[in-house]
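Right, one structure below, let's go through it.
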Amino acid sequence: MPELPEVETTCRGIAPHIVKRRVVAMIIRESRLRWPIAAEVEDRLIGARFLGVRRRAKYILMDTDQGTLMVHLGMSGSLRIMSADAPALFHDHVDIVLDDHHCLRYHDPRRFGSMHWLKEMSHPLLDSLGPEPLAESFSGAYLYERSRRRRASVKQFIMDGKVVVGVGNIYANEALFLSGIHPKRASGRVSVARYEALVAAIKEVLAKAIAQGGTTLRDFVGGDGQPGYFAQQLRVYGRQGKPCRVCQTTLKEIRQGGRSTVYCPACQR
DNA sequence: ATGACAACCTGTGGGC
DNA sequence: TGCCCACAGGTTGTCA
């Protein structure tokens with residue numbers, strides 16, 4: 001479920017509850033995530049004290065005095081603060097038990113998420129990631145330069161984590177609509193001016209979604225269990241067959257790289 | 001280097 | 001009502 005705004009919401013939700021807390025136990029009910037949770041994670045985490053929570057792309061980085069716990073939520077993961085004695089439900093794979101009788105509980109039906117231990121600030125999974133979409137350095141000029149001579153569609157281009165991180169399917173659809181760009185247009189044939197508009201739209205839609213606590217489509221909950229409220233502001237995602245909110249043209253759905261794309265054939269060129 | 005696609009896994013909703 | 005297939009917020013790895 002989580003795209004960047006949902007991951008950011010999770011970081012902000014859990015940080016006040018884990019920072020300064022010490023880990024007294026780790027309960028791993030299911031270690032088979034995208035990659036098996038290494039024994040090292042438990043070995044190093046127990047006894048460690050949390051110092052802060054950061055985000056890089058869709059990875060949650062929980063810094064401790066012993067190193068950093070890196071968690072990815074995959075397609076269906078969530079992290080919540082619970083009472084340590086709250087009964088574990090189906091797919092509650094991991095509890096990180098804190099010294100205040102609470103725990104950080106990882107729930108993930110599809111198990112596409114992951115947990116790693118970082119000793120240094122580098123890790124193969126982080127090394128080839130593109131810039132953060134909300135960073136100053138992410139600009140129309142940057143996208144223009146990176147896209148020259150590329151034939152991939154503009155939608156697949158902005159969803160490529162080596163180009164820019166954190167633009168998932170929902171927000172890619174939304175940003176392309178907001179900037180009036182047809183999702184199938186070749187990325188190498190988009191002007192710098194239109195890339196400026198696209199970057200502005202990406203930043204705007206992500207910032208607004210973060211401000212609303214993310215998008216809850218089905219069951220996303222933030223670190224404190226609250227749903228996100230951005231879904232009601234979606235312009236195109238999930239609205240195929242419905243009228244465009246700007247021009248009333250029926251929104252069209254196509255498939256790109258196995259993912260659904262929804263767009264307005266009149267507004268997007 | 002780029003791009004197309006399968007793979008990982010479970011749950012759900014639509015069509016028949 | 002029930003069954004089966006397609007698809008769901010992500011990313012990596014492989015192969016052409």
Side-chain angles (χ1 to χ4, degrees), chain A residues 1-11 29-37 55-60 70-79 89-94 106-116 123-130 133 145-175 183-189 202 205-206 209-210 212-222 227-234 236-241 253-262:
Chain A
M1 345 208 124
E3 289 197 33
L4 185 143
E6 293 73 50
V7 176
E8 181 65 29
T9 296
T10 298
C11 288
R29 301 181 192 84
E30 175 57 85
S31 62
R32 295 174 303 168
L33 305 186
R34 167 130 202 207
W35 295 280
I37 302 173
R55 178 188 61 70
R56 172 70 176 114
K58 292 170 192 163
Y59 291 97
I60 298 167
M70 177 170 80
V71 174
H72 198 290
L73 301 177
M75 288 277 261
S76 59
S78 61
L79 276 174
L89 304 179
F90 197 34
H91 299 314
D92 282 347
H93 303 313
V94 178
Y106 177 78
H107 175 90
D108 185 5
R110 290 178 75 180
R111 291 190 278 123
F112 284 178
S114 63
M115 284 193 195
H116 288 92
H123 187 281
L125 292 169
L126 301 176
D127 286 346
S128 57
L129 294 177
E145 189 233 316
R146 285 292 305 263
S147 61
R148 289 312 89 183
R149 268 170 276 107
R150 286 188 67 156
R151 307 168 75 158
S153 70
V154 61
K155 186 188 179 220
Q156 296 194 261
F157 178 65
I158 60 169
M159 289 183 70
D160 180 349
K162 292 189 284 300
V163 173
V164 58
V165 301
V167 182
N169 200 34
I170 298 177
Y171 302 110
N173 277 294
E174 295 298 305
K184 282 180 75 174
R185 177 172 289 275
S187 51
R189 301 202 174 175
I202 289 170
V205 75
L206 291 178
I210 290 169
Q212 299 273 308
T215 299
T216 294
L217 293 180
R218 176 164 291 170
D219 55 1
F220 169 77
V221 288
Y229 295 97
F230 192 72
Q232 52 213 62
Q233 298 184 37
L234 296 175
V236 289
Y237 184 85
R239 298 194 65 246
Q240 59 274 22
E253 179 177 34
I254 57 173
R255 205 141 263 289
Q256 292 181 280
R259 318 295 299 274
S260 117
T261 298
V262 185

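Sequence lines set the chain letters: A, B, ... in the order given, protein chains first and strands last, and positions in each chain run from 1. Only this structure's heavy atoms are used, side chains among them; waters, hydrogens and symmetry mates stay out. Note that the structure is predicted; figures quoted are calculated from it, not measured.
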Inset, instruction - Answer yes or no: is there a donor N or O on one side and an acceptor on the other, between the side chain of Ser31(A) and the main chain of Ile37(A), under 3.5 Å? - result: no

Legend entry - Any donor-acceptor N/O pair, Asn173(A) side chain to Val236(A) backbone, under 3.5 Å: no

Inset, instruction - Whole angstrom is fine here: how far is it from CG in Asp160(A) over to P in dA4(B)? - result: 12 Å

Legend entry - Side chain of Arg34(A) - closest among dC9(B), dG3(B), dT12(C): dT12(C)

Legend entry - Nearest-nucleotide pick for Ala152(A), side chain only, options being dG3(B), dT11(C), dA8(C): dG3(B)

Inset, instruction - Compare the ring of Phe112(A) with the six-membered ring in the base of dT11(C) and state whether they stack (centres under 5.5 Å, planes under 30°). - result: no

Legend entry - d(CG, Leu129(A); P, dT12(C)) in whole Å: 7 Å

Inset, instruction - Looking only at side-chain atoms of Arg255(A), point me to the closest of dG9(C), dA8(C), dT12(C). - result: dA8(C)

Inset, instruction - Ignoring backbone atoms, establish whether Ser260(A) has a side-chain N or O less than 4.0 Å from OP1 or OP2 of dA8(C). - result: yes

Inset, instruction - May I ask you to verify if any side-chain N or O of Arg110(A) is less than 4.0 angstrom from the OP1 or OP2 atom of dA8(C)? - result: no

Inset, instruction - Would you kindly give the CG-to-C1' distance between Leu126(A) and dT11(C), to the nearest whole Å? - result: 13 Å

Inset, instruction - Examine dC9(B): is either OP1 or OP2 under 4.0 Å from a nitrogen or oxygen in the side chain of Arg32(A)? Give yes or no. - result: no

Inset, instruction - Would you kindly give the CZ-to-P distance between Phe157(A) and dG3(B), to the nearest whole Å? - result: 9 Å

Inset, instruction - Quickly work out the Ile158(A) CD1 to dG10(C) C1' distance and round it to whole Å. - result: 15 Å

Legend entry - Nucleotide nearest Tyr59(A) (side chain, heavy atoms from C-beta), chosen from dT10(B), dC7(C), dT11(C): dT11(C)

Legend entry - Heavy-atom side-chain proximity of Arg255(A) to Ser260(A) below 4.5 angstrom: yes

Legend entry - Nearest listed nucleotide, side chain of Arg259(A), among dT11(C), dG11(B), dG3(B): dT11(C)

Legend entry - Listed nucleotide nearest any side-chain atom of Lys58(A), set dC9(B), dG10(C), dT12(C): dG10(C)

Inset, instruction - From the options dA8(C), dC9(B), dG9(C), select the nucleotide whose nearest atom is closest to the side chain of Asn169(A). - result: dG9(C)

Inset, instruction - Take atom P in dC5(B) and the same atom in dC7(C), then report the distance between them in whole Å. - result: 14 Å

Inset, instruction - Give a yes/no on whether any side-chain N or O of His91(A) is located under 4.0 angstrom from OP1 or OP2 of dT10(B). - result: no

Inset, instruction - Determine the interatomic distance between P on dA6(C) and the same-named atom on dA6(B); round to the nearest Å. - result: 13 Å

Legend entry - Euclidean distance, atom CG of residue Asp108(A) to atom P of dG10(C) [Å, nearest integer]: 13 Å

Inset, instruction - Return yes if some donor-acceptor pair links the side-chain N/O of Glu253(A) with the main-chain N/O of Gly241(A) below 3.5 Å, else return no. - result: no

Inset, instruction - Quote, to the nearest angstrom, the P distance that separates dT12(B) from dT11(C). - result: 23 Å

Inset, instruction - Output the single nucleotide from dG11(B), dG10(C), dT12(C) whose closest atom is nearest the side chain of Glu3(A). - result: dG10(C)

Legend entry - Interatomic distance, Met70(A) CE vs dG10(C) C1' [rounded to whole Å]: 14 Å

Inset, instruction - Provide the Watson-Crick or G-U wobble partner of dG9(C), both distances under 3.5 Å; none if there is no partner. - result: none

Legend entry - Spacing of Lys155(A) atom NZ relative to dG9(C) atom P, expressed in whole Å: 8 Å

Inset, instruction - Rounded to the nearest 0.5 Å, what's the gap from OH on Tyr106(A) to CD1 on Ile60(A)? Could you check? - result: 9.0 Å

Legend entry - Below 4.0 Å: OP1/OP2 of dG9(C) and any side-chain N or O of Tyr237(A): yes

Inset, instruction - For the pair Gln212(A) (side chain) and Ala209(A) (backbone), establish whether a donor and an acceptor sit closer than 3.5 Å, ignoring hydrogens and angles. - result: no

